[in-house]
Amino acid sequence: MQYTGRLMRIIAHLDMDAFYASAELVRDPRLKGRPVAVGGRRGIQPLPGQDFPLLGQYQGRGVLTTANYEARKLGLHSAMPTMRAAKLAPQAILLPADFEWYSTLSRRFKEAVLQLTPVMENRGVDEIYLDLTEQTQGDFEKARQLAAQLKQAVKDATGGMTCSIGLSENKLTSKICSDLQKPDGLTLVRPHEFETVVWPLPVGKVNGIGPKAQAKLIELNIRTVGELALAPLPQLQAHFGNSYGLWLYECARGIDRRELSLGGDPKSISRETTFENDLHIRRDREALTAILTRLTDKLASDLERKKLKARTIGLKVRFPDFTSVTRDHTPGHTVSSATEILQAARECLKKVPFDTSASNHPRSRIRLLGVKASHLSHMELADQPDQLPLWEEDAR
DNA sequence: TCTGGGGTCCTAGGACCC
DNA sequence: TCTGGGGTCCTAGGACCC
């Protein structure tokens, strides 16, 4: 076979539009055209005369997970505290998150995609990357046609949900451009078009430049990706460190060599919960113990389901002032049962700097409690509670 | 109007070993 | 006297993403 040179890579980023809210609409078409937000786990009852619960009724400490496009017009967006959203748009519909239903739809759209193209990287429930290089032989026109087919397949598989696709030579650029024509968009950026399309955008549009880095860049008078491209490498490395500085320098030039990351086991599994009201570490001891037990039980069953065990258990505590501390414990043997996890979590708890010197001291109460399992490995047959190794079969 | 829950990756110091 | 360099593990915190 003759080698004719490397193909131009073609990477797609496919992002479902307002996924959770659209998922609710698939189930109940009465929601069509109305502002809908999704947030919280427990639902609230509709007021008499209303077909759905309204945002204005909400009381609690949650945030919105999703707002559909009608709700966004009212100023709502994901991660917005629900109480704030309630002030802003009391008449919008508020639905509780139903993660099982969203997972079902997630599986459906991903399966539909895999029917058309095989190389997929999962990025959570509503996003994927696809490597279309082989299938399209590096031809952007073929890729555009394939992307149109993908959009249709997703729609068919989900009962009408739309997605937006970005197409370019790498993950970074495709991720940026899938966002440019939402909803129901298809945006293709060839390498020579990078500067025209991406340079005018604010640096915050780049996946990997968050609020902190953006604020620091603005101090340097850098607001757009084009302005970032003017910054010399030594300047960026002086302010952001060698590694992140280099990354910023390259991403302003559309350089991103990352391959798709396909599957694999999770690195950590965790469970956490924010309380309705802050709990006092002494006065609410019983309630806290119950919550910690519930969290470790859930974590243990997560590990059991995935047939994993952990070398390290971590505890997370958030105080009323929103500061958090984490403490780790590595017992010296791997753990998987609820009892072992709880024991390790208690070791962590001993190391948390509580302070009850004053009754209203910020570190005398807790807002959130979480438990995490990390350094995971596969359970061996002998680890599994109800399965003796084969050679012990006769002894049963 | 106070800020969910599930993750990944990076940095950096100290312990400990060779 | 006062002091090497490298490797790995553990721990804590923080930025970022969906």
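The chains referred to below are lettered A, B, ... by the order of the sequence lines, with proteins before strands, and numbering in each begins at 1.
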Could you check whether Thr273(A) gets within reach of a base, just the sugar-phosphate, or nothing at all, counting any heavy atom under 4.0 Å?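 Answer is sugar-phosphate: Thr273(A) comes under 4.0 Å of backbone atoms only.
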
Would you mind classifying the nucleic acid contact of Leu368(A) as base, sugar-phosphate or nothing, using non-hydrogen atoms under 4.0 angstrom?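 Leu368(A): backbone/sugar contact only, no base atoms under 4.0 Å.
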
What's the spacing between Ser336(A) OG and Leu303(A) CG if we round to 0.5 Å?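 Taking OG in Ser336(A) and CG in Leu303(A), the distance rounds to 7.0 Å.
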
Looking at every heavy atom in both [X] and [Y], which two are closest together, and how far apart are they?
X: Glu169(A); Y: Met8(A); result: CB-SD, 4.0 Å
X: Ile165(A); Y: Lys151(A); result: CD1-CG, 3.7 Å
X: Arg282(A); Y: Thr356(A); result: NH1-OG1, 3.0 Å

Answer yes or no as to whether dT3(B) has its base stacked against Phe322(A), where stacking requires a ring-centre separation under 5.5 angstrom and planes under 30 degrees apart.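 Stacked: centres under 5.5 Å apart, planes under 30°.
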
Taking only the P atom of each, what is the distance from dG14(B) to dG4(C) in whole angstrom?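 Each nucleotide's P atom is 16 Å from the other's.
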
In the 5'-to-3' direction, what one-character label does each nucleotide of nucleotides 13-18 of chain C receive under the scheme B = base within less than 4.0 Å of a protein heavy atom, S = sugar-phosphate only, - = no such atom? S-SSSS

Testing Thr82(A), Leu74(A), Ile93(A) for side chain to side chain contact (heavy atoms under 4.5 Å, CB included) with Leu55(A), which one passes?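 Result for side chain to side chain contact (heavy atoms under 4.5 Å, CB included) with Leu55(A): Thr82(A).
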
Enumerate donor-acceptor pairs with a distance under 3.5 Å from any side-chain N or O in residues 311-326 of chain A to protein atoms, sequence neighbours excluded.
residue: Thr312(A); atom: OG1; partner: Thr330(A); partner atom: OG1; Å: 3.0
residue: Thr312(A); atom: OG1; partner: His375(A); partner atom: ND1; Å: 2.9
residue: Lys316(A); atom: NZ; partner: Glu272(A); partner atom: OE1; Å: 3.1
residue: Arg318(A); atom: NE; partner: Ser324(A); partner atom: OG; Å: 3.2
residue: Asp321(A); atom: OD1; partner: Thr323(A); partner atom: N; Å: 3.0
residue: Asp321(A); atom: OD1; partner: Thr323(A); partner atom: OG1; Å: 2.6

Near DNA chain B, counting only heavy atoms under 4.0 Å, which residues of residues 218-235 of chain A show up?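 Going residue by residue through residues 218-235 of chain A, none turns out to have a heavy atom under 4.0 Å of DNA chain B.
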
Dump the pairs, protein N or O against N or O of nucleotides 5-10 of chain C, anything under 3.5 Å, distances to one decimal.
residue: dC10(C); atom: OP2; partner: Arg311(A); partner atom: NH2; Å: 2.6

Quick one, which residues of residues 255-267 of chain A touch DNA chain C with a heavy atom under 4.0 Å?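 The stretch gives none, as no residue of it lies under 4.0 Å from the strand.
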
Lys87(A), nearest nucleotide to its side chain (from dA12(C), dG4(B), dT1(B)):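 Closest nucleotide among those given: dT1(B).
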
For DNA chain C, what is the dot-bracket line, given that a base pair needs Watson-Crick (N1 to N3, plus N6-O4 or O6-N4) or G-U wobble (N1-O2 and O6-N3) geometry with both distances under 3.5 Å, and | means paired with another strand? ....||||||||||||||

